[in-house]
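These values consider heavy atoms only, across backbone and side chains, with no hydrogens, waters or symmetry-generated copies. Chain letters run A, B, ... following the sequence lines, proteins first, then strands; residues in each count from 1.
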Protein chains: 2
Amino acid sequence: MNELEPEHLKSAGLKSTLPRLKVLDLFKNGQERHMSAEDVYQLLRESGDNVGLATVYRVLTQFEQAGLLVRHNFEGGKSVFELNEGTHHDHIVCMQCGHVEEFYDSAIESRQKKIAAELGFTIHEHSLQIYGDCTKTKCPHRR
Amino acid sequence: MNELEPEHLKSAGLKSTLPRLKVLDLFKNGQERHMSAEDVYQLLRESGDNVGLATVYRVLTQFEQAGLLVRHNFEGGKSVFELNEGTHHDHIVCMQCGHVEEFYDSAIESRQKKIAAELGFTIHEHSLQIYGDCTKTKCPHRR
DNA sequence: AATGCAAATGAGAATGATTATCGTTCGCGG
DNA sequence: CCGCGAACGATAATCATTCTCATTTGCATT
(Lines give C-alpha, C1' and ligand atoms only; values in the text may rest on other atoms or scores of the structure.)
Protein backbone atom coordinates (compact mmCIF):
# COMPACT_ATOMS: atom_id res chain seq x y z
CA MET A 1 0.00 0.00 0.00
CA ASN A 2 1.78 3.10 -1.19
CA GLU A 3 1.14 6.46 0.30
CA LEU A 4 -1.02 9.08 -1.37
CA GLU A 5 0.56 11.72 -3.52
CA PRO A 6 -0.95 15.17 -3.07
CA GLU A 7 1.82 16.75 -5.11
CA HIS A 8 0.32 15.29 -8.26
CA LEU A 9 -2.86 17.19 -7.56
CA LYS A 10 -0.99 20.36 -6.62
CA SER A 11 0.93 20.39 -9.85
CA ALA A 12 -2.32 19.91 -11.73
CA GLY A 13 -3.77 22.99 -10.05
CA LEU A 14 -6.20 20.96 -7.96
CA LYS A 15 -6.33 21.27 -4.22
CA SER A 16 -5.62 18.14 -2.28
CA THR A 17 -8.90 16.78 -0.93
CA LEU A 18 -9.77 13.39 0.47
CA PRO A 19 -12.05 12.26 -2.38
CA ARG A 20 -9.50 13.23 -5.00
CA LEU A 21 -6.70 11.44 -3.21
CA LYS A 22 -8.80 8.32 -2.86
CA VAL A 23 -9.77 8.23 -6.52
CA LEU A 24 -6.19 8.81 -7.61
CA ASP A 25 -4.99 6.11 -5.25
CA LEU A 26 -7.51 3.68 -6.73
CA PHE A 27 -6.08 4.20 -10.17
CA LYS A 28 -2.47 4.10 -9.02
CA ASN A 29 -2.64 1.22 -6.60
CA GLY A 30 -5.88 -0.58 -7.36
CA GLN A 31 -6.13 -3.79 -9.35
CA GLU A 32 -8.35 -2.53 -12.12
CA ARG A 33 -6.70 -0.47 -14.79
CA HIS A 34 -9.88 0.52 -16.65
CA MET A 35 -12.76 1.81 -14.54
CA SER A 36 -16.06 3.58 -15.10
CA ALA A 37 -17.45 6.18 -12.73
CA GLU A 38 -19.75 3.57 -11.28
CA ASP A 39 -16.84 1.16 -10.79
CA VAL A 40 -14.89 3.79 -8.89
CA TYR A 41 -17.92 4.68 -6.81
CA GLN A 42 -18.55 1.07 -5.84
CA LEU A 43 -14.93 0.29 -5.05
CA LEU A 44 -14.59 3.33 -2.81
CA ARG A 45 -17.83 2.47 -1.12
CA GLU A 46 -16.67 -1.11 -0.54
CA SER A 47 -13.48 0.09 1.09
CA GLY A 48 -15.56 2.07 3.55
CA ASP A 49 -14.97 5.46 2.00
CA ASN A 50 -18.11 7.53 1.72
CA VAL A 51 -17.68 9.47 -1.50
CA GLY A 52 -20.67 10.78 -3.44
CA LEU A 53 -21.31 9.59 -6.96
CA ALA A 54 -21.51 13.19 -8.18
CA THR A 55 -18.08 13.81 -6.73
CA VAL A 56 -16.69 10.77 -8.52
CA TYR A 57 -17.96 12.11 -11.84
CA ARG A 58 -16.58 15.58 -11.09
CA VAL A 59 -13.20 14.27 -10.03
CA LEU A 60 -12.86 11.95 -13.02
CA THR A 61 -13.61 14.81 -15.39
CA GLN A 62 -11.16 17.10 -13.62
CA PHE A 63 -8.46 14.44 -13.73
CA GLU A 64 -9.09 13.96 -17.40
CA GLN A 65 -8.76 17.69 -18.04
CA ALA A 66 -5.66 17.81 -15.89
CA GLY A 67 -4.16 15.03 -17.97
CA LEU A 68 -3.96 12.56 -15.10
CA LEU A 69 -6.50 10.20 -16.63
CA VAL A 70 -7.60 9.32 -20.14
CA ARG A 71 -11.26 8.83 -20.98
CA HIS A 72 -12.47 6.17 -23.39
CA ASN A 73 -15.95 5.80 -24.84
CA PHE A 74 -16.37 2.11 -25.44
CA GLU A 75 -19.62 0.67 -26.69
CA GLY A 76 -22.30 0.36 -24.07
CA GLY A 77 -22.73 4.04 -23.30
CA LYS A 78 -20.47 4.42 -20.29
CA SER A 79 -17.11 6.16 -20.15
CA VAL A 80 -14.10 4.25 -18.93
CA PHE A 81 -10.99 5.88 -17.48
CA GLU A 82 -7.41 4.79 -17.05
CA LEU A 83 -4.24 6.33 -15.72
CA ASN A 84 -2.43 8.50 -18.24
CA GLU A 85 1.08 7.20 -18.36
CA GLY A 86 2.09 9.16 -21.37
CA THR A 87 2.18 6.14 -23.60
CA HIS A 88 -0.66 6.30 -26.08
CA HIS A 89 -2.34 3.05 -26.97
CA ASP A 90 -5.60 1.70 -28.34
CA HIS A 91 -7.84 -1.06 -27.04
CA ILE A 92 -9.24 -4.39 -28.00
CA VAL A 93 -12.31 -5.35 -26.00
CA CYS A 94 -13.84 -8.80 -25.56
CA MET A 95 -17.56 -8.64 -26.21
CA GLN A 96 -18.17 -11.75 -24.13
CA CYS A 97 -16.39 -10.99 -20.89
CA GLY A 98 -15.49 -7.32 -21.11
CA HIS A 99 -11.78 -8.00 -20.82
CA VAL A 100 -9.65 -5.19 -22.24
CA GLU A 101 -6.19 -5.45 -23.73
CA GLU A 102 -4.05 -2.57 -24.87
CA PHE A 103 -1.96 -2.29 -27.98
CA TYR A 104 0.07 0.25 -29.84
CA ASP A 105 0.94 0.07 -33.49
CA SER A 106 3.16 2.73 -34.99
CA ALA A 107 2.07 1.82 -38.52
CA ILE A 108 -1.54 2.61 -37.67
CA GLU A 109 -0.54 5.81 -35.93
CA SER A 110 1.44 7.13 -38.84
CA ARG A 111 -1.23 6.21 -41.36
CA GLN A 112 -3.71 8.22 -39.35
CA LYS A 113 -1.51 11.28 -39.39
CA LYS A 114 -1.13 10.96 -43.10
CA ILE A 115 -4.84 10.54 -43.72
CA ALA A 116 -5.74 13.55 -41.58
CA ALA A 117 -3.23 15.68 -43.43
CA GLU A 118 -4.54 14.60 -46.81
CA LEU A 119 -8.09 15.46 -45.82
CA GLY A 120 -7.05 18.85 -44.48
CA PHE A 121 -7.61 18.14 -40.80
CA THR A 122 -5.54 19.16 -37.80
CA ILE A 123 -5.66 16.01 -35.72
CA HIS A 124 -6.73 16.45 -32.12
CA GLU A 125 -7.12 12.92 -30.92
CA HIS A 126 -8.38 9.62 -32.14
CA SER A 127 -10.27 6.65 -30.86
CA LEU A 128 -9.68 3.12 -32.04
CA GLN A 129 -11.25 0.08 -30.52
CA ILE A 130 -11.45 -3.44 -31.84
CA TYR A 131 -14.35 -5.50 -30.56
CA GLY A 132 -14.22 -9.26 -30.65
CA ASP A 133 -14.08 -12.44 -28.62
CA CYS A 134 -10.98 -13.42 -26.75
CA THR A 135 -10.17 -17.13 -26.96
CA LYS A 136 -12.11 -19.25 -24.49
CA THR A 137 -9.04 -20.16 -22.49
CA LYS A 138 -8.49 -16.66 -21.23
CA CYS A 139 -12.06 -15.44 -21.44
CA PRO A 140 -13.40 -16.21 -17.95
CA HIS A 141 -13.30 -12.64 -16.72
CA ARG A 142 -16.20 -10.72 -15.24
CA ARG A 143 -18.60 -8.57 -17.23
CA MET B 1 -37.74 12.53 -55.81
CA ASN B 2 -37.24 8.82 -56.29
CA GLU B 3 -39.90 6.34 -55.38
CA LEU B 4 -39.79 4.28 -52.24
CA GLU B 5 -38.42 0.80 -52.36
CA PRO B 6 -40.38 -1.68 -50.27
CA GLU B 7 -38.53 -4.60 -51.76
CA HIS B 8 -35.47 -3.64 -49.74
CA LEU B 9 -37.48 -4.12 -46.59
CA LYS B 10 -39.04 -7.33 -47.83
CA SER B 11 -35.70 -8.88 -48.55
CA ALA B 12 -34.57 -7.88 -45.09
CA GLY B 13 -37.51 -9.72 -43.55
CA LEU B 14 -39.23 -6.52 -42.47
CA LYS B 15 -42.75 -5.75 -43.53
CA SER B 16 -43.19 -2.61 -45.53
CA THR B 17 -44.69 0.06 -43.28
CA LEU B 18 -44.93 3.81 -43.75
CA PRO B 19 -42.46 4.79 -41.01
CA ARG B 20 -39.88 2.35 -42.28
CA LEU B 21 -40.23 3.54 -45.86
CA LYS B 22 -39.90 7.16 -44.79
CA VAL B 23 -36.79 6.54 -42.75
CA LEU B 24 -35.19 4.54 -45.53
CA ASP B 25 -36.07 7.24 -48.02
CA LEU B 26 -34.43 9.85 -45.82
CA PHE B 27 -31.18 7.95 -45.89
CA LYS B 28 -31.37 7.15 -49.58
CA ASN B 29 -32.55 10.49 -50.90
CA GLY B 30 -31.93 12.97 -48.10
CA GLN B 31 -29.03 15.39 -48.02
CA GLU B 32 -27.47 14.22 -44.76
CA ARG B 33 -25.44 11.08 -44.91
CA HIS B 34 -24.84 10.73 -41.16
CA MET B 35 -27.87 11.13 -38.91
CA SER B 36 -28.76 10.48 -35.29
CA ALA B 37 -32.18 9.24 -34.17
CA GLU B 38 -33.06 12.79 -33.15
CA ASP B 39 -31.98 14.12 -36.55
CA VAL B 40 -34.20 11.62 -38.34
CA TYR B 41 -37.10 12.38 -36.03
CA GLN B 42 -36.81 16.13 -36.62
CA LEU B 43 -36.42 15.83 -40.37
CA LEU B 44 -39.47 13.60 -40.70
CA ARG B 45 -41.42 15.93 -38.49
CA GLU B 46 -40.41 18.93 -40.59
CA SER B 47 -41.59 17.22 -43.74
CA GLY B 48 -44.99 16.80 -42.16
CA ASP B 49 -44.68 13.12 -41.37
CA ASN B 50 -45.87 12.20 -37.93
CA VAL B 51 -43.54 9.44 -36.81
CA GLY B 52 -42.95 8.72 -33.14
CA LEU B 53 -39.48 9.01 -31.69
CA ALA B 54 -39.72 5.52 -30.24
CA THR B 55 -40.47 4.21 -33.71
CA VAL B 56 -37.46 5.99 -35.13
CA TYR B 57 -35.24 4.32 -32.57
CA ARG B 58 -36.83 0.95 -33.24
CA VAL B 59 -36.56 1.28 -37.00
CA LEU B 60 -32.95 2.44 -36.91
CA THR B 61 -32.00 -0.53 -34.75
CA GLN B 62 -33.86 -2.92 -37.03
CA PHE B 63 -32.21 -1.47 -40.11
CA GLU B 64 -28.84 -1.84 -38.44
CA GLN B 65 -29.54 -5.49 -37.64
CA ALA B 66 -30.83 -6.02 -41.17
CA GLY B 67 -27.60 -4.60 -42.51
CA LEU B 68 -29.25 -1.64 -44.23
CA LEU B 69 -27.59 0.90 -41.93
CA VAL B 70 -24.36 1.08 -39.98
CA ARG B 71 -24.27 2.53 -36.48
CA HIS B 72 -21.40 4.67 -35.21
CA ASN B 73 -20.76 5.79 -31.65
CA PHE B 74 -19.01 9.11 -31.98
CA GLU B 75 -18.11 11.18 -28.96
CA GLY B 76 -20.98 13.04 -27.43
CA GLY B 77 -23.06 10.10 -26.35
CA LYS B 78 -25.39 9.77 -29.31
CA SER B 79 -25.38 7.13 -32.02
CA VAL B 80 -25.11 8.16 -35.66
CA PHE B 81 -26.30 6.04 -38.58
CA GLU B 82 -25.47 5.95 -42.26
CA LEU B 83 -26.50 3.86 -45.24
CA ASN B 84 -24.59 0.62 -45.52
CA GLU B 85 -23.18 0.55 -49.00
CA GLY B 86 -20.98 -2.42 -48.40
CA THR B 87 -17.78 -0.43 -48.41
CA HIS B 88 -16.32 -0.31 -44.94
CA HIS B 89 -14.70 2.93 -43.93
CA ASP B 90 -13.76 4.91 -40.86
CA HIS B 91 -14.46 8.55 -39.99
CA ILE B 92 -12.71 11.78 -39.26
CA VAL B 93 -14.89 14.27 -37.43
CA CYS B 94 -14.40 18.03 -37.14
CA MET B 95 -14.73 19.05 -33.50
CA GLN B 96 -15.62 22.60 -34.49
CA CYS B 97 -18.41 22.15 -37.00
CA GLY B 98 -19.32 18.49 -36.77
CA HIS B 99 -18.46 17.82 -40.40
CA VAL B 100 -17.71 14.17 -41.08
CA GLU B 101 -15.45 12.76 -43.77
CA GLU B 102 -14.97 9.12 -44.53
CA PHE B 103 -11.78 7.28 -45.29
CA TYR B 104 -10.54 3.76 -45.81
CA ASP B 105 -6.99 2.62 -45.38
CA SER B 106 -6.07 -0.94 -46.17
CA ALA B 107 -2.83 -0.67 -44.23
CA ILE B 108 -4.75 0.16 -41.06
CA GLU B 109 -7.24 -2.61 -41.71
CA SER B 110 -4.63 -5.28 -42.15
CA ARG B 111 -2.64 -4.14 -39.12
CA GLN B 112 -5.77 -4.51 -37.04
CA LYS B 113 -6.34 -8.05 -38.18
CA LYS B 114 -2.77 -8.90 -37.35
CA ILE B 115 -2.94 -7.33 -33.91
CA ALA B 116 -6.18 -9.11 -33.02
CA ALA B 117 -4.69 -12.42 -34.08
CA GLU B 118 -1.55 -11.85 -32.03
CA LEU B 119 -3.59 -11.09 -28.94
CA GLY B 120 -5.78 -14.14 -29.43
CA PHE B 121 -8.99 -12.33 -30.39
CA THR B 122 -11.55 -13.20 -33.00
CA ILE B 123 -12.33 -9.80 -34.44
CA HIS B 124 -15.99 -8.86 -34.60
CA GLU B 125 -15.88 -5.27 -35.62
CA HIS B 126 -13.87 -2.17 -34.94
CA SER B 127 -14.40 1.50 -34.44
CA LEU B 128 -11.92 4.14 -35.51
CA GLN B 129 -12.55 7.83 -35.41
CA ILE B 130 -10.12 10.68 -35.74
CA TYR B 131 -11.20 13.92 -34.09
CA GLY B 132 -9.72 17.20 -35.18
CA ASP B 133 -10.36 20.54 -36.83
CA CYS B 134 -10.98 20.78 -40.53
CA THR B 135 -9.24 23.70 -42.17
CA LYS B 136 -11.15 26.97 -41.79
CA THR B 137 -11.90 27.23 -45.49
CA LYS B 138 -14.16 24.21 -45.54
CA CYS B 139 -15.28 24.34 -41.93
CA PRO B 140 -18.44 26.46 -42.18
CA HIS B 141 -20.86 23.59 -41.68
CA ARG B 142 -23.53 23.43 -39.04
CA ARG B 143 -23.04 21.93 -35.60
C1' DA C 1 -63.80 -5.30 -51.10
C1' DA C 2 -64.72 -6.88 -46.11
C1' DT C 3 -62.43 -9.56 -42.05
C1' DG C 4 -58.98 -11.05 -38.65
C1' DC C 5 -54.80 -11.19 -36.37
C1' DA C 6 -50.21 -10.59 -35.45
C1' DA C 7 -46.90 -7.17 -36.06
C1' DA C 8 -45.97 -2.29 -35.86
C1' DT C 9 -46.87 2.17 -34.15
C1' DG C 10 -47.19 6.28 -30.99
C1' DA C 11 -47.52 8.52 -26.56
C1' DG C 12 -45.64 8.60 -22.60
C1' DA C 13 -43.50 6.24 -18.64
C1' DA C 14 -39.18 4.10 -17.25
C1' DT C 15 -34.25 3.49 -17.31
C1' DG C 16 -29.28 4.30 -17.09
C1' DA C 17 -25.57 7.46 -17.39
C1' DT C 18 -24.20 11.90 -16.48
C1' DT C 19 -24.69 16.79 -15.03
C1' DA C 20 -26.66 20.65 -12.33
C1' DT C 21 -28.31 22.62 -7.94
C1' DC C 22 -27.70 23.94 -3.38
C1' DG C 23 -27.00 23.92 1.47
C1' DT C 24 -23.09 22.09 4.29
C1' DT C 25 -18.22 21.02 5.09
C1' DC C 26 -13.34 21.20 4.39
C1' DG C 27 -8.51 22.83 2.90
C1' DC C 28 -5.55 26.16 3.67
C1' DG C 29 -3.69 31.02 3.89
C1' DG C 30 -3.60 34.53 7.26
C1' DC D 1 -7.43 29.39 15.54
C1' DC D 2 -10.65 32.02 11.72
C1' DG D 3 -12.73 32.82 7.60
C1' DC D 4 -13.68 32.27 2.93
C1' DG D 5 -14.07 30.23 -1.24
C1' DA D 6 -13.54 25.77 -3.23
C1' DA D 7 -15.14 21.14 -2.85
C1' DC D 8 -18.47 17.88 -1.22
C1' DG D 9 -22.81 14.91 -0.76
C1' DA D 10 -27.51 14.24 -1.53
C1' DT D 11 -30.74 14.68 -4.66
C1' DA D 12 -33.16 16.69 -8.54
C1' DA D 13 -32.70 17.39 -13.38
C1' DT D 14 -31.30 16.23 -18.06
C1' DC D 15 -30.27 13.43 -22.18
C1' DA D 16 -30.34 9.54 -25.00
C1' DT D 17 -32.50 5.40 -25.36
C1' DT D 18 -35.67 1.59 -24.22
C1' DC D 19 -39.98 -0.26 -22.49
C1' DT D 20 -45.13 -0.61 -21.92
C1' DC D 21 -49.41 -0.94 -23.69
C1' DA D 22 -53.52 0.47 -25.93
C1' DT D 23 -54.52 1.47 -30.78
C1' DT D 24 -53.64 1.10 -35.66
C1' DT D 25 -51.97 -1.04 -39.78
C1' DG D 26 -50.07 -4.42 -43.25
C1' DC D 27 -51.41 -8.14 -45.51
C1' DA D 28 -53.09 -12.67 -46.23
C1' DT D 29 -57.71 -14.74 -46.50
C1' DT D 30 -62.57 -15.02 -47.48
Side-chain angles (χ1 to χ4, degrees), chain A residues 4-26 34-45 47-66 68-69 71-81 98 143, chain B residues 4-26 34-45 47-66 68-69 71-81 98 143:
Chain A
L4 306 179
E5 306 167 47
E7 64 279 6
H8 281 223
L9 297 179
K10 289 262 181 52
S11 62
L14 296 169
K15 79 168 57 167
S16 166
T17 70
L18 252 348
R20 297 215 258 240
L21 290 170
K22 287 171 182 168
V23 171
L24 188 54
D25 180 60
L26 233 197
H34 302 89
M35 289 182 281
S36 68
E38 193 66 30
D39 293 338
V40 171
Y41 177 66
Q42 291 303 337
L43 286 173
L44 289 183
R45 166 146 303 210
S47 56
D49 299 308
N50 184 19
V51 184
L53 180 56
T55 300
V56 170
Y57 274 100
R58 265 188 305 241
V59 169
L60 289 176
T61 300
Q62 291 161 346
F63 283 4
E64 181 201 6
Q65 292 171 341
L68 293 172
L69 296 179
R71 178 196 301 258
H72 300 290
N73 297 299
F74 293 164
E75 282 188 6
K78 49 176 59 178
S79 292
V80 173
F81 297 81
R143 152 113 293 185
Chain B
L4 305 178
E5 305 167 50
E7 64 280 6
H8 281 223
L9 297 179
K10 289 261 180 52
S11 62
L14 296 170
K15 75 168 62 167
S16 166
T17 70
L18 252 350
R20 300 213 258 239
L21 289 170
K22 287 172 182 167
V23 171
L24 188 53
D25 180 61
L26 234 196
H34 300 89
M35 290 182 280
S36 67
E38 193 66 30
D39 293 337
V40 171
Y41 176 66
Q42 292 302 336
L43 286 172
L44 289 182
R45 165 145 305 211
S47 56
D49 299 309
N50 184 19
V51 184
L53 180 56
T55 300
V56 171
Y57 274 101
R58 266 187 304 239
V59 169
L60 290 176
T61 300
Q62 291 161 346
F63 283 4
E64 182 201 5
Q65 292 171 340
L68 293 172
L69 298 178
R71 177 198 301 260
H72 300 289
N73 296 298
F74 293 165
E75 284 188 6
K78 50 176 58 176
S79 291
V80 173
F81 297 81
R143 152 107 291 189

Novice: Can you check whether A/K15's main-chain N or O pairs, donor with acceptor, with A/R20's side chain at less than 3.5 Å?
Specialist: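 Here the side-chain-to-backbone pair exists.
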
Novice: Rounded off to whole Å, could you give me the CG-to-P distance for the A/L44 and D/dC8 pair?
Specialist: 12 Å

Novice: Taking the side chain as every heavy atom from C-beta outward, state whether B/N50 and B/R45 have any pair of such atoms under 4.5 Å apart.
Specialist: yes

Novice: Whole Å only: how far is the CG atom of A/L9 from the C1' atom of D/dA6?
Specialist: 14 Å

Novice: Taking NZ from A/K22 and P from C/dC26, how many angstroms apart are they, rounded to a whole number?
Specialist: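 In whole Å, C/dC26 P and A/K22 NZ are 11 Å from each other.
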
Novice: Using a 4.0 Å heavy-atom cut-off to protein, can you give one letter per nucleotide of nucleotides 18-28 of chain D, 5' to 3': B if the base is in contact, S if only the sugar-phosphate is, - if neither?
Specialist: BBB-----SS-

Novice: Using a cut-off of less than 4.0 Å, is there contact between a side-chain N or O of B/N50 and OP1 or OP2 of C/dA11?
Specialist: yes

Novice: Roughly, in whole Å, what's the span from CZ in B/F63 to P in C/dA8?
Specialist: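 Rounded to the whole Å, the gap is 11 Å.
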
Novice: Just the rounded figure in Å: distance from C1' of D/dA7 to CG of A/L21.
Specialist: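 The answer, rounded to whole Å, is 13 Å.
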
Novice: Please give, in whole Å, the distance from D/dT14 C1' to B/K78 NZ?
Specialist: 13 Å

Novice: Would you mind reading off the distance between A/N73 atom CG and D/dA16 atom P, rounded to a whole angstrom?
Specialist: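 Atom-to-atom, A/N73 to D/dA16, this comes out as 15 Å.
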
Novice: Rounded to the nearest angstrom, tell me the gap between atom CD in A/Q62 and atom C1' in C/dT18.
Specialist: 15 Å

Novice: If you look at every heavy atom in B/L53 and B/A37, which pair is closest and at what distance?
Specialist: CD1-O, 4.4 Å

Novice: Less than 4.5 Å apart, any side-chain heavy atom of A/D39 and any of A/F81?
Specialist: no

Novice: Is the backbone of B/K22 close enough, under 3.5 Å, to the side chain of B/D25 for a donor and an acceptor to pair up by distance?
Specialist: no

Novice: Using a cut-off of less than 4.0 Å, is there contact between a side-chain N or O of B/S79 and OP1 or OP2 of D/dT17?
Specialist: yes

Novice: Using modelled atom types and a 3.5 Å cut-off, is there a donor and acceptor pairing between side-chain atoms of B/T61 and backbone atoms of B/Y57?
Specialist: yes

